[in-house]
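No hydrogens, no waters, no symmetry mates; every other heavy atom, side chains included, goes into these values. Lettering follows sequence order; numbering is per chain, from 1.
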Amino acid sequence: MDFILKGTVEAVKALYNTEIKESDIALQETRKEFDGEITVVTFPLTRLSRKTPEQTGNEIGEYLVSHLSEVAGFSVIKGFLNIVLSEEFLLKIFKEQLVKENFGEGQPNGKKVMVEYSSPNTNKPLHLGHVRNNLLGFSVAEILSAEGFEVVKANLVNDRGIHICKSMLAWQKFGQGETPESTGLKGDKLVGNYYVIFDKEYKKEIEELKAQGQSEEDAKKNAPLINEARQMLQKWEAGDEGVISLWKTMNSWVYAGFDETYNKLGVSFDKYYYESDTYLLGKDIIEEGLEKGVFFKKEDNSVWIDLTTEGLDEKLVLRGDGTSVYITQDLGTAELKYKDFNVEESIYVVGNEQDYHFKVLFLILDKLGKSWAKGLYHLSYGMVDLPSGKMKSREGTVVDADDLIREMVDTARKRTEELGKTEGFSDAEKEHLYNMIGLGALKYFLLKVEPKKRLLFDPNESIDFQGHTGPFIQYTHARIRSVINKASHKDFSFSEIGSSLSSSERELVMSLYKYPEVISAAAKEHSPALVANYTYELAKLYNKFYHEEPILKVEEQQLMNFRLALSQSTASVIKKSMKLLGIEVPEKM
RNA sequence: GGACCUGUAGCUUAAUUGGAUAGAGCACCUGACUACGGAUCAGGAGGUUAGGGGUUCGACUCCCUUCAGGUCCA
């Protein structure tokens with residue numbers, strides 16, 4: 001809507017002899033209870049006009065009508081100048097832009113960006129919290145790619161540490177040689193079970209020690225199992241053959257399980273990083289920081305950074321014994337990523353419990369003078385909670401990702417069969433459809449909410465398939481495809497439509513026209529929710545139009561073609577934007 | 001002790017970043033050409049935007065404060 005901005009700047013200059021910038025003008029969509037498409041907020045301009053908001057609006061409105069062919073009329077209500085666009089203009093943008101196959105697809109901008117997401121621990125299966133992470137990361141990557149970025153999707157796997165030793169130890173002690181093959185269990189599930197077993201046995205030992213008179217704290221430290229796990233970690237670090245081999249075997253089970261879940265979710269990665277490769281990184285950065293005077297040493301030889309002038313604390317970056325803390329390796333990994341891909345922006349999709357960590361991490365890299373530090377971004381999202389509170393793997397109160405997906409697909413199957421709409425589908429087509437709908441409902445449910453908000457999920461209340469949902473949008477797409485397929489011809493071109501556009505047609509054209517702006521905003525804000533809500537609005541407008549205006553039943557060929565073309569553009573934009581959310585849309589459902 | 005996030009209708013949520021009478025969906029109530037696909041559409045009811053104060057032409061949005069839930073730092 002640049003021409004409105006330009007026109008208003010000109011109007012202000014001509015009428016009030018004052019130069020203003022386009023950014024000084026507030027534009028918004030006209031509310032649907034008023035006529036018009038675009039609204040200029042004139043309150044701020046009264047200062048220049050020295051007139052009432054109404055007079056100012058009228059004067060600018062008249063200027064625009066007489067100087068811009070795109071503007072057909074206007075009305076003023078209080079400080080709001082509602083602009084009615086001309087039908088010629090709407091039809092022109094429709095024909096020249098909206099009907100194009102590649103409408104809304106951004107040109108490559110030559111910039112590279114990395115999106116790191118998923119980043120699981122290898123000691124337990126994926127749960128609903130990971131699902132939110134995966135969908136967010138994947139979708140943001142799709143959106144950035146649509147905006148024209150070259151995107152590298154990365155997964156930093158936490159494959160080492162005390163947690164995986166716990167699973168390994170429990171398997172060694174209690175596993176009796178179980179494997180995914182022998183049990184028929186998914187590998188990540190099998191390993192996760194042993195993590196739970198470790199915790200159970202560990203707790204038993206703690207209770208025994210407490211019964212012998214030890215304090216809770218001491219008991220936790222002295223339990224034989226935890227000591228064995230620690231020894232195992234040391235052996236791992238020393239490269240002990242037996243431990244390493246067990247570690248490789250069990251991790252390979254987990255990866256096979258993860259891959260299955262990733263496939264079902266439809267997410268993928270271009271680059272895997274493993275902490276077993278990166279956990280020793282970062283120590284040279286510590287040296288660098290000491291040399292530059294950014295870090296300082298305490299008496300015990302530990303290395304710190306003072307962030308009190310930034311309103312934060314002093315932060316430990318290396319222990320006194322020379323071993324790393326989390327942030328040490330994150331400093332190193334950040335540099336490694338930059339060296340590997342030379343990206344302009346590096347996005348970390350990580351829960352908001354790590355807000356402080358990333359704030360500190362980015363700040364340190366900036367203080368070290370890393371040129372790329374300004375491109376680091378923490379895409380922080382809220383935790384997924386159950387009505388009973390937080391999900392806890394060790395206590396078994398998690399919504400398992402695989403279970404959830406299966407339940408969603410089952411529900412989709414049941415709903416679809418009830419509606420009896422699958423005649424003519426092969427069995428394979430049916431399964432594909434149920435997957436599309438079940439996952440569509442799940443993905444949309446999780447992505448329509450602003451990332452930083454916490455999400456409450458009640459396993460007892462199923463996710464809706466009606467209203468503001470994925471299936472609603474999928475249904476709209478199928479419905480449009482059905483109409484188009486019923487048309488007896490394929491060429492929907494038209495010259496004059498022979499009557500004036502209805503309000504639902506105008507709204508639909510304007511909504512389609514907005515699509516590229518929505519992608520840009522979503523890319524800038526790193527927010528799939530913007531795309532999700534936009535797509536819903538578009539689908540809703542189409543359904544309204546569909547009910548109000550006949551398409552195949554109209555007499556005039558030109559008008560029919562316009563409405564068919566409008567339908568086709570809508571279907572195309574729905575399909576594209578759902579793809580940005582990782583959701584497929586069916587031809588029939 | 002310090003810092004951060006969240007709080008909008010019974011429930012799930014939106015609000016173009018300071019603009020109009022806070023907009024949707026679910027659930028509830030009423031209705032829709034004898035379905036170009038009813039997983040739809042139209043309408044009704046439902047709000048002190050957690051509470052209080054401030055900033056200004058205007059505040060869900062910014063500032064202060066209290067409350068509730070959650071998280072992080074040593």
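In this structure, the side chain of A:Lys576 engages the main chain of A:Phe103 through a donor-acceptor pair within 3.5 Å.
Of the P atoms belonging to B:G43 and B:A24, the separation is 9 Å, rounded to the nearest Å. If you take atom P in B:C57 and the same atom in B:U66, they sit 29 Å apart, rounded to whole Å. Comparing B:G46 with B:G10, their C1' atoms sit 9 Å apart, to the nearest whole Å. Nucleotides B:A42 and B:A59 are separated by 32 Å at their P atoms, to the nearest Å. Spacing of C1' atoms, B:A14 relative to B:U30, comes out at 26 Å, to the nearest Å. B:C41 and B:C36: their C1' atoms are spaced 15 Å apart (whole Å). B:A22 and B:A9 have their P atoms separated by 14 Å, given to the nearest Å. Only the P atoms considered, B:G2 is 26 Å distant from B:U61, to the nearest whole Å.
At a cut-off of 3.5 angstrom, the base of B:A20 holds at least one donor-acceptor pair with the side chain of A:Thr39.
As judged by a 4.0 angstrom heavy-atom cut-off over every strand, A:Glu587 is placed among the base-contacting residues. If you check every strand for non-hydrogen atoms under 4.0 Å, A:Asn82 touches a base. Residue-level contact check: A:Glu548 touches neither bases nor backbone, having no heavy atom under 4.0 Å from any strand. In this structure, A:Lys540 reaches the sugar-phosphate backbone alone: every heavy-atom distance under 4.0 Å involves primed, P, OP1 or OP2 atoms, never a base.
Between A:Glu549 and A:Lys544, none of the side-chain N atoms (NZ, or NE/NH1/NH2) sits under 4.0 Å from a carboxylate O, so this pair counts as no salt bridge. A salt bridge links A:Glu505 with A:Arg563: at least one charged nitrogen is closer than 4.0 Å to a carboxylate oxygen. Salt bridge A:Glu507/A:Lys32: absent, no basic N to carboxylate O contact under 4.0 Å. A salt bridge links A:Arg413 to A:Glu431: at least one charged side-chain nitrogen sits closer than 4.0 Å to a carboxylate oxygen. Taking 4.0 Å as the cut-off between side-chain N and carboxylate O, A:Lys514 and A:Glu29 count as a salt-bridged pair. Under the 4.0 Å criterion applied to side-chain N and carboxylate O atoms, A:Lys374 and A:Asp366 are not assigned as salt-bridge partners.
For A:Tyr546, whose side chain is taken as the heavy atoms from C-beta onward, the closest listed nucleotide among B:G19, B:A14, B:C36 is B:C36. Closest to the side chain of A:Thr30, from the set B:A20, B:C4, B:G37, is B:A20. With distances taken from any side-chain atom of A:Leu456 to the nucleotides B:U12, B:G25, B:A39, the minimum falls on B:U12. Listed nucleotides: B:C4, B:A15, B:G37. Nearest to the side chain of A:Leu530: B:A15. Closest contact between the side chain of A:Lys544 and the listed nucleotides B:C41, B:C36, B:A14 involves B:C41. The side chain of A:Gln466 lies closest to B:U40, out of B:G37, B:G25, B:U40.
At B:G37, one or more side-chain N or O atoms of A:Lys486 fall inside 4.0 Å of OP1 or OP2 (strictly under the cut-off). At the phosphate of B:U6, OP1 or OP2 sits under 4.0 Å from a side-chain N or O atom of A:Lys452. For the pair A:Lys32 and B:A24, the criterion of a side-chain N or O lying under 4.0 Å from OP1 or OP2 is met. Between A:Lys448 and the phosphate of B:A14, there is no side-chain N or O to OP1/OP2 separation shorter than 4.0 Å. OP1 or OP2 of B:U12 has not a single side-chain nitrogen or oxygen of A:Lys453 nearer than 4.0 Å.
Nucleotide B:U12 carries an anti base; the chi torsion (O4'-C1'-N9-C4 or O4'-C1'-N1-C2) is more than 90° from 0.
Per the geometry, CD belonging to A:Glu417 stands 15 Å off C1' belonging to B:A39, to the nearest Å. At whole-Å resolution of the value, CG in A:Leu541 and P in B:A24 are 12 Å apart.
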Response to the item:
5' to 3', nucleotides 69-74 of chain B under a 4.0 Å protein heavy-atom cut-off (B base, S sugar-phosphate only, - none) gives --SSBS

Discussion item. Within the 4.0 Å limit for protein heavy atoms, which parts of nucleotides 29-34 of chain B are touched? Write it as a string from 5' to 3', B for base, S for sugar-phosphate only, - for none.
Written reply: ------

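Residue A:Ile480 is the one, among A:Arg47 and A:Ile480, whose nearest nucleotide of RNA chain B lies closer to the 5' end (criterion: closest heavy atom).
Base-pair partner of B:A20: not found among the strands shown (Watson-Crick or G-U wobble, both distances under 3.5 Å). Remark: B:A3 base-pairs with B:U71; criterion is Watson-Crick or G-U wobble with both hydrogen-bond distances under 3.5 Å.
Of the N and O atoms on the side chains of A:Thr52 and A:Gln55, at least one donor lies less than 3.5 Å from an acceptor on the other residue.
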